[in-house]
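Report on the following structure.
By convention here, the first residue in the shown sequence is residue 1.
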Amino acid sequence: MKKLNSERLQHNLDRRRFLQGAGKIAGLSLGIAIAQSMGGFEVNADPTFSDYPFTLGVASGDPLSDGVVLWTRLAPDPLNGGGMPPHSVPVKWEIATDPYFRSIVGRGTELARPELGHSIHVEVSGLKANHEYFYRFKSGSEISPTGKTKTLPESGEGISQLKFAFVSCQQFEHGYFTAYQHLAKEELDLVFHLGDYIYEYGPNEYIAASGNVRTHSGPEIKTLVDYRNRYAQYRSDTHLQAAHAAFPWIVTWDDHEVENNYANIIPEKGQSVEEFIIRRAAAYQAYYEHMPLRKSSLPQGADMKIYRQFEYGDLASFFVLDTRQYRDDQANGDKSSPQTPESLDPKRTLLGTEQEEWLFQRLDNSTKKWNVLAQQIFFAQRNYGTAASPKYSMDAWDGYPAARQHVLDYAKENQLNNLIVLTGDVHASWASNLLEDFNDGNSRVFGAEFVGTSITSGGNGADKRADTDKILGLNPNIKFFNDYRGYVRCKVTPDRWQADYRVVPYVSAIGADISTRASFVFEKDGQGLKQISTTEVPLGQKLSTEVEEDRNRAHNRAHQRQLEKKGKKVPRP
């Protein structure tokens, strides 16, 4: 069972003391890598490869006004551990103002170390603010594809416009990454990924309603090598590579980068806490190895600090949150339920004390036109039961109402009118007004939440589900729903935030076109969200029989299949 009672937790675990011990074991190889990186590594100065080593493409991320992280990983045999020798290999990099590298502004050499999967994270500095650059890598005689990136404006610079997109939830088996093919062609300044970059399931354990069209390589992932191979499979997709190469990305994780619906050090089901912490350490390390993150995010044993802030001129402050690593266990057995004394417990935390204090301190100091929470899970209140018998997701902010109330109270006390929440996780598009009191329809609107659909997770989807009208009727703060796959494109000016819901009608076959299903604006005028356009999506299913809880049922069936493969009897829901 996922739920661990307080007696068991008290008996088994003092979190700080246990993590210190488990982290020494789980992060041993990483600790050795960090220590040895100070010198003494064997280096192959003139490497040769069994095959092309840049099979996973290139990426950039965590942009600042004067620099950016450049990423690649050497992997001539990507699905079998990478295929690299057990020693460090030099990788040259260069960055230029033109795609032909006639005007090179920086170059150097980094070591791709086996302890970090032969990945490199080059922290380039000394660049001009708000400028585009091009970059590439070379190792031995092999040259990588060229990537394009862009620095942020200076923190106080007057900015008239920002264009970006956010994405999430890309289950490889559920469909083709056609949305990324279209995303790569957009004119954007940056991209946010809000989690579920990979999925941990074995082949055909988690099955989409429209059927699986690709297959995971290898069984359920648990070890560092497992996670590396799974990232390599996802990163091998040409459309995902194109989207990474086109823009700088700012990333955060959700649950499937480790395991479905884990909470802090508490696993989903069927594992001890001790086993899970070791698994989490492996997953966190593999995540770092495959993302364009700074060394400040390097895992420390079983922990990894990923919440951070980015300032886009005087226009916006982005607060990238981690709603997974520090949370209390989900209430009510992590089942859809009404609020209970357990879920309403004022001591329950979602962000953890340190991250929450960090967020409010940074908000206190923000002078930007917009304050943006880039995070994972549904923030606004969302009842998908009935008026008499409400049901809420215990994995979302609804399951941590006291933690959400801290944000609502802050907005009220500071008279905020510019808070935007960006969300993934739920495999569908939603748009909601943020109210000081979600139970009072006349309450002041202080912001908006834009929830992005998945890239593929859940399969093809439909324009509406069987319970769409019911949910919208129960939640007047929610103004839009759609269940196709895609991403959200945002255009931000000092006074106006526009969100375009860009969707494809299917992911079960290649070649789907992209449409803007609807566009909404939020203007800080107290009137809330306004829909400014809508269109029908050609070739898409109009109405499905699915309902909100089907997503959770699919995960439960996946877990049943996992246990059945291990020869264990599974109670049916």
*Drop me the distance from His216's NE2 to Asn229's CG, to the nearest 0.5 angstrom.*
12.0 Å
*Between Asp314 and Gly156, is there a donor-acceptor pair closer than 3.5 Å when you use the side chain of the first and the backbone of the second?*
no
*Is it true that a side-chain atom of Tyr410 and a backbone atom of Asp364 form a donor plus acceptor pair closer than 3.5 Å?*
yes
*Heavy-atom pair of closest approach, residues Val91 and Ala112*: CG2-CB, 4.0 Å
*Checking Arg235 against Tyr231: charged group under 6.0 Å from the ring centre and within 45 degrees of the axis?*
no
_List the residues meeting side chain to side chain donor-acceptor pair (under 3.5 Å) with Thr146, not counting sequence neighbours, and say none if there are none._
none
_My understanding is that only one of Phe172, Tyr287, Tyr227, Tyr199 makes a ring-ring contact (aromatic ring centres under 6.0 Å, His included) with Tyr234; could you say which?_
Phe172
*Asn418 versus Lys369: any side-chain heavy-atom pair under 4.5 Å?*
no
_Working to the nearest 0.5 angstrom, can you tell me the gap between Arg136 CZ and Ser144 OG?_
8.0 Å
*About how many Å separate CG of Asp77 and OH of Tyr52, when rounded to the nearest 0.5 Å?*
16.0 Å
_Show the nearest heavy-atom pair for residues Pro63 and Phe310, with the distance to one decimal._
O-CD2, 3.4 Å
*Of all the heavy-atom pairs spanning Ser317 and Ser366, show the shortest one and how long it is.*
OG-OG, 3.7 Å
_Reported OH-to-CG distance for the pair Tyr506 and Leu539, which is rounded to 0.5 angstrom_ = 6.0 Å
*Interatomic distance, Asn130 atom CG to Leu162 atom CG [nearest 0.5 angstrom]*: 9.5 Å
_So if I apply the side chain to side chain contact (heavy atoms under 4.5 Å, CB included) rule between His256 and each of Glu200, Gln171, Gln170, which one comes out positive?_
Glu200
*Decide yes or no for Gln531 and Lys479: does some side-chain heavy atom of the first lie under 4.5 Å from some side-chain heavy atom of the second?*
no
*Shortest non-hydrogen contact from Ile455 to Ala179?*
CD1-CB, 3.9 Å
*Charged N to carboxylate O below 4.0 Å: is that the case for Arg228 and Glu289?*
yes
*Out of curiosity, Leu194 CG to Ser454 OG, how far, rounded to the nearest 0.5 Å?*
12.5 Å
*asked:* For Phe192, run the ring-ring contact (aromatic ring centres under 6.0 Å, His included) check against Phe318, Phe319, Tyr487 and tell me which one passes.
replied: Phe318
*List the steps and the verdict of side-chain contact (heavy atoms from CB on, under 4.5 Å) for Leu419 and Leu373.*
CA-CA 8 Å; Leu419 188 69; Leu373 308 187; 4.1 Å; yes
*Is there a side-chain contact (heavy atoms from CB on, under 4.5 Å) between Phe177 and Thr456 once you walk through the steps?*
CA-CA 7 Å; Phe177 290 169; Thr456 56; 3.5 Å; yes
_Any side-chain heavy-atom pair of Leu422 and Val488 under 4.5 Å_ = no
*May I ask you to establish whether Arg517 and Tyr484 are in a cation-pi arrangement, using a distance under 6.0 Å from NZ or CZ to the six-membered ring centre and at most 45° from the ring axis?*
no
*Can you find a side-chain donor-acceptor pair between Ser519 and Asp500 that sits under 3.5 Å?*
yes
*Decide yes or no for Leu74 and Phe54: does some side-chain heavy atom of the first lie under 4.5 Å from some side-chain heavy atom of the second?*
yes
*Are the side chain of Arg280 and the backbone N or O of Ala302 linked by a donor-acceptor pair below 3.5 Å?*
yes
*asked:* Does the plane of the ring in His193 sit parallel, tilted or perpendicular to the ring in Trp249? Use 30° and 60° as the thresholds.
replied: parallel
*How would you list all residue pairs meeting side-chain hydrogen bond (donor to acceptor under 3.5 Å, both in side chains) that involve residues 57-66, not counting sequence neighbours?*
Ser60-Thr149, Asp62-Arg308
*Polar side-chain atom of Asn460 near backbone of Val507 as donor-acceptor pair, under 3.5 Å*: yes
*Taking Gln375 for the side chain and Ile377 for the main chain, is one N or O donor matched with an acceptor at less than 3.5 Å?*
yes
*Is it true that a side-chain atom of Glu94 and a backbone atom of Ile104 form a donor plus acceptor pair closer than 3.5 Å?*
no
*Glu257 and Arg324 ion-paired at < 4.0 Å*: no
_Among Tyr288, Tyr307, Tyr284, Tyr197, exactly one meets ring-ring contact (aromatic ring centres under 6.0 Å, His included) together with Trp253. Which residue is that?_
Tyr284
*Can any side-chain N or O of Gln233 pair as donor or acceptor with the backbone N or O of Ser217 at less than 3.5 Å?*
yes
*Taking all atoms of both residues into account, what is the closest heavy-atom pair of Arg485 and His427, and its distance?*
NH1-O, 2.7 Å
_With no hydrogens and no angle check, just 3.5 Å: does a side-chain donor-acceptor pair link Thr252 and Gln376?_
yes
*Pick out which of Phe522, Trp370, Phe520 makes a ring-ring contact (aromatic ring centres under 6.0 Å, His included) with Trp497.*
Trp370
_Val320 and Val251, any side-chain heavy atoms less than 4.5 Å apart_ = no
*What do you reckon, are the aromatic ring centroids of Phe450 and Phe166 less than 6.0 Å apart?*
no
*asked:* If you count every heavy atom of other residues, nucleotides or ligands that lies below 6.0 Å from Glu354 atom CD, does the total exceed 12?
replied: no
_Side-chain heavy atoms of Asn417 within contact of Phe446, under 4.5 Å_ = no
_Aromatic contact between His244 and Tyr180, with the criterion being ring centroids under 6.0 Å apart: yes or no?_
no
_ring pair (Phe, Tyr, Trp, His ring centres under 6.0 Å) between Tyr312 and Phe164, worked out_ = CA-CA 11 Å; Tyr312 200 89; Phe164 75 94; 8.7 Å; no
*asked:* Can a donor-acceptor pair be found, under 3.5 Å and without considering hydrogens, that links the side chain of Gln181 to the backbone of Ala242?
replied: no
*Between Tyr133 and His131, what is the ring plane arrangement, given parallel below 30°, perpendicular above 60°, and tilted in between?*
tilted
*So among Lys150, Lys163, Lys148, which one has a salt bridge (charged side-chain N to carboxylate O under 4.0 Å, His left out) with Asp189?*
Lys150
_Taking the side chain as everything from C-beta on, heavy atoms only, tell me whether Trp93 gets closer than 4.5 Å to Thr72._
no
*Please say whether more than 12 non-hydrogen atoms of neighbouring residues, nucleotides or ligands are located less than 6.0 Å from NZ in Lys128.*
no
*For Ala129, does its backbone N or O pair with a side-chain atom of Glu154 as donor and acceptor, under 3.5 Å?*
no
_Min side-chain heavy-atom separation Ser139-Val89 under 4.5 Å_ = yes
*With no hydrogens and no angle check, is any side-chain donor or acceptor of Ser297 less than 3.5 Å from a backbone partner on Ile306?*
no
_Residue pair Thr453 / Ser168: nearest heavy atoms and the distance that separates them_ = O-OG, 3.7 Å
*Under the side-chain hydrogen bond (donor to acceptor under 3.5 Å, both in side chains) rule, what do Asp303 and Tyr326 come out as? Steps first, then yes or no, please.*
CA-CA 10 Å; Asp303 287 337; Tyr326 310 106; over 6 Å; no
